[in-house]
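Since the structure comes first, as structure tokens, the remarks are kept for the end.
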Amino acid sequence: MDAENLSSNSENIENTGFLILKAFKEKGTKANEVLEWTEIYPFLHQEDEKYHYKDVQKRAEEHLRNQGYAIPDPAGLLLTEVGYRAVQEFDGKDLSQSNAR
């Protein structure tokens, strides 16, 4: 894989994670609540017009889990306490700079 595709893939992972956190915010998900796939997928579909999320969704979920923001659940993704605090700080900025942790 060349450096351009690696960078693009990393950006897609970050962007998809960002969109999932944005979905938590817009849907009003509280800490320890699950946002169901039936709500996540339409949101991603609407927000990512080129559907890049389809290629990196699982890796974006892993990224959110590693950051402590969300945990996979059979019905969707569970927003953690750390993730909830990050989402509350969310104003469209890069959440990798969040102070929630």
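These figures come from a predicted structure and were not determined experimentally.
- Hydrophobic clustering places Tyr53 together with Leu79 (ILVMFWY residues linked when any side-chain heavy atoms are closer than 4.5 Å, directly or through intermediates).
- In terms of hydrophobic clustering, with Ile, Leu, Val, Met, Phe, Trp and Tyr side chains grouped at heavy-atom distances under 4.5 Å, Tyr69 and Val56 are assigned to different clusters.
- Not counting sequence neighbours, the partners of Gln57 by the side chain to side chain contact (heavy atoms under 4.5 Å, CB included) test are Trp37, Tyr41, Glu61.
- The hydrophobic cluster containing Val34 also includes Ile71, Leu78, under a criterion of side-chain heavy atoms closer than 4.5 Å among ILVMFWY residues, counted directly or through chains of members.
- Among residues two or more places apart in sequence or in another chain, the side-chain hydrogen bond (donor to acceptor under 3.5 Å, both in side chains) test is passed with Asn32 by Glu81.
- In terms of heavy atoms, Tyr84 sits closest to Ala31 at CD1-N, 3.5 Å.
- Using cut-offs of 30° and 60° for the angle between ring planes, the His45 and Tyr51 rings count as parallel.
- Hydrophobic clustering (side-chain heavy atoms under 4.5 Å, transitive across Ile, Leu, Val, Met, Phe, Trp, Tyr) groups Phe24 together with Phe18.
- From Ser10, atom OG reaches atom NE2 of His63 across 10.0 Å, with rounding to the nearest 0.5 Å.
- Shortest non-hydrogen contact noted between Leu35 and Ile40 is O-CD1, 3.3 Å.
- Annotation: salt bridge (Lys or Arg N to Asp or Glu O under 4.0 Å) contacts involving residues 37-55, sequence neighbours excluded, comprise Lys22-Glu47.
- Atom NE2 in His52 sits 13.0 Å away from atom CD1 in Ile13 (nearest 0.5 Å).
- In the hydrophobic clustering of this structure, Val82 groups with Leu64; members are Ile, Leu, Val, Met, Phe, Trp, Tyr whose side-chain heavy atoms approach within less than 4.5 Å, directly or through other members.
- At a threshold of 4.5 Å between side-chain heavy atoms, the hydrophobic network of Ile, Leu, Val, Met, Phe, Trp and Tyr places Leu19 and Leu77 in one connected group.
- With sequence neighbours left out, the salt bridge (charged side-chain N to carboxylate O under 4.0 Å, His left out) criterion links Glu36 to no other residue.
- Contact between Ala60 and Gly17 at its shortest, heavy atoms only, is CB-N, 3.8 Å.
- Atoms CG and CD1, on Asn15 and Ile20 in that order, are 10.0 Å from each other to the nearest 0.5 Å.
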